[in-house]
Amino acid sequence: MAAAVPALPVSLSGRFKGSFAYFTIKDRLPQILTRVIDTLHRHKNEFFEEHGEKGVEAEKRAISFLSKLRNELQTDKPVTPLEDELPDAALWNQYLDYQRNLSNGNGEPSWFQSPWLFVECYMYRRIHAALAQNPPIDNFDVFKEGKAQNFFESQEAVIALCTYFQELLKNIKDLDEKQLKEELFKLLQVSLWGNKCDLSFSAGEDSSQKSSPLQSLENMVPYILVNDMEKVWSLLVNAKKNRTERSNVRVDIILDNAGFELVSDLVLADFLLSSKLADEIYFHGKSIPWYVSDTTKHDFNWTVKQLQSANHMWMSRCGINWEGNLKKGVWVFCDHMFWTLPHDFSSMGGVAPDLYAELQKSNLIFFKGDLNYRKLTGDRKWEYSVPFHQALNKFHPAPLCSLRTLKSDTQVGLKPGQGEQIQASEPEWMVSGKYGVVQFDAGL
Ligand SMILES: O=P(O)(O)OC[C@H]1O[C@](O)(CO)[C@@H](O)[C@@H]1O
Ligand SMILES: [Mn+2]
């Protein structure tokens with residue numbers, strides 16, 4: 001007889017009073033909406049100058065749509081179907097129907113009763129609709145300023161990282177395997193801790209990288225709760241050894257935040273190419289503004305341009321090389337609608353088979369950040385010691401590795417007792433961003 005498939009644990013949700021999801025929906029999401037409304041107010045003159053009265057009218061409509069949204073959220077109203085005609089609207093509305101069926105007559109899906117992942121994604125999709133439905137301000141990214149500010153405030157850290165990296169490139173050809181491995185580990189950790197710098201977590205407050213990103217790495221090792229860097233190294237070294245002329249080694253990076261985190265990911269990607277551990281890198285970003293600081297195509301190109309034109313030799317050297325990689329096609333930026341749907345990744349094969357097939361071509365996929373981790377593991381109340389492979393719930397396009405600092409209360413793959421032990425002395429350990437994981441799954 002086949003072994004019974006264990007039922008999935010419940011989804012995190014605002015219905016659990018006092019949970020992190022509850023506080024996020026109650027406090028942080030309305031704060032984010034208020035900031036978005038303020039941002040639109042502040043740009044009123046600009047809209048007028050660019051588009052005349054039409055711009056101001058569009059701004060007013062967007063603000064009233066957003067105020068209504070904030071009210072629906074705060075009073076736990078049912079989640080309503082999307083009424084716009086954007087390309088993903090039908091998929092969203094199907095997903096809402098699916099949530100209705102799940103709630104099994106226990107009332108309509110609503111902000112505090114439904115899964116947190118669903119309603120939080122839904123809020124960002126409605127913010128997008130507020131702008132997209134209101135030309136001529138339909139291309140305005142309400143989060144752009146914050147992302148740019150985060151980048152500029154991290155300037156010193158960016159300089160330190162670019163300088164370190166350009167020095168490393170000078171003699172990268174002479175490094176033996178042991179040294180290459182050490183450098184990979186450093187840059188993996190910089191990219192991991194770069195994930196502290198997101199803006200939705202701090203509801204848009206400053207969260208830039210102020211100090212040198214390389215200095216304190218060693219002191220932070222004890223905070224890496226699952227550390228699979230050796231496995232990442234073995235995979236890459238073996239892929240390189242087995243590589244033939246026709247089989248390129250391909251690494252994919254599912255990006256998270258713009259600003260310092262993106263720069264740390266680009267440096268990691270450059271290292272993988274320059275060390276010949278990989279031949280091509282595919283970056284995956286968001287096709288609409290998302291979770292305040294996530295990277296869109298515009299942010300990606302803007303960042304490369306900023307580095308290129310920086311008034312610092314090593315920064316601009318990085319930018320010039322990266323532009324070259326994009327032109328040569330050894331770096332590819334992609335976006336896909338799936339990344340901004342509410343589905344967790346176990347449904348990718350069904351909902352976005354084209355994306356799943358694309359990821360299957362990869363030798364190794366990095367998933368950056370907390371939201372990607374939530375989507376990898378379905379955003380559920382897992383026991384801490386459940387194996388990562390099990391929580392992935394059949395999502396195995398290729399070997400994958402999550403680089404994530406803990407900013408939401410879900411975690412798997414810990415040693416028995418490990419989570420409970422930290423919990424006893426640090427009740428905030430799962431949401432403070434102080435801990436991280438480099439968590440690998442080999443796939444099949
Ligand atoms: O940018 P990241 O690392 O995905 O984090 C996004 C943040 O937004 C949240 O969804 C909070 O609302 C958390 O999961 C996390 O703190
Ligand atoms: Mn993010």
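Ligands are counted one by one from 1 in listed order, and the atoms in each one are counted from 1 as well. The figures that follow rest on heavy atoms only: side chains count, while hydrogens, waters and symmetry mates do not.
Heavy atoms of Glu120 found under 4.0 angstrom from ligand 1 belong exclusively to the side chain. Contact annotation: for Asp370 versus ligand 1, heavy atoms closer than 4.0 Å belong to both the backbone and the side chain. Counting heavy atoms under 4.0 Å from ligand 1, residue Lys368 does not touch it at all.
With a 4.5 Å cut-off on side-chain heavy atoms, Gln189 and Met229 count as touching. Tyr373 places a side-chain heavy atom less than 4.5 Å from the side chain of Gln439. Residues Thr340 and Asp294 have side chains not in contact (no heavy-atom distance under 4.5 Å, counting atoms from C-beta outward). With a 4.5 Å cut-off on side-chain heavy atoms, Glu358 and Asp252 do not count as touching.
The Mn ion (ligand 2) is closest to atom OD1 of Asp256 (considering only N, O or S atoms). Closest approach between the Mn ion (ligand 2) and any N/O/S atom of Asp294 involves OD1.
Rounded to the nearest 0.5 angstrom, Leu326 CG and Asn301 CG are separated by 7.0 Å.
Summarising the local packing, CD of Glu428 is surrounded by 12 or fewer heavy atoms from other residues, nucleotides or ligands at distances under 6.0 Å.
Close contacts of ligand 1 with Arg28, meaning ligand atoms under 4.0 Å from a residue heavy atom, involve 11 (C), 12 (O). Here is the list of ligand 1 atoms found below 4.0 Å of a heavy atom in Tyr291: 8 (O), 10 (O). When each atom of ligand 1 is checked for a heavy atom of Asn195 under 4.0 Å away, the hits are 3 (O). Contact atoms of ligand 1 toward Asp256: 1 (O), 2 (P), 3 (O), 4 (O) (distance under 4.0 Å to a heavy atom of the residue). Close approach of ligand 1 to Gly369 is summarised as follows: ligand atoms under 4.0 Å from at least one heavy atom of the residue are 3 (O). Taking every non-hydrogen atom of Thr24 and a distance limit under 4.0 Å, the qualifying atoms of ligand 1 come out as 12 (O). Listed by atom number, the atoms of ligand 1 under 4.0 Å from Asn257 heavy atoms are 1 (O).
At least one N or O atom of Leu371, backbone or side chain, sits closer than 3.5 Å to an N or O atom of ligand 1. The distance criterion of under 3.5 Å between nitrogen or oxygen atoms is not met by Trp116 with respect to ligand 1. For ligand 1, the polar-atom distance check against Arg374 finds a nitrogen or oxygen pair separated by under 3.5 Å.
At least one N/O/S atom of Asn257, whether from backbone or side chain, sits less than 2.8 Å from the Mn ion (ligand 2).
Shown here are the side-chain contact (heavy atoms from CB on, under 4.5 Å) partners of Asn363, two or more places apart in sequence or in another chain: Ala239, Val249, Arg250. For Tyr356, the ring-ring contact (aromatic ring centres under 6.0 Å, His included) test picks out Phe395, with sequence neighbours left out.
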* Evaluation steps, salt bridge (charged side-chain N to carboxylate O under 4.0 Å, His left out), between Lys305 and Glu323 -> CA-CA 8 Å; Lys305 284 259 142 39; Glu323 174 83 27; 3.7 Å; yes
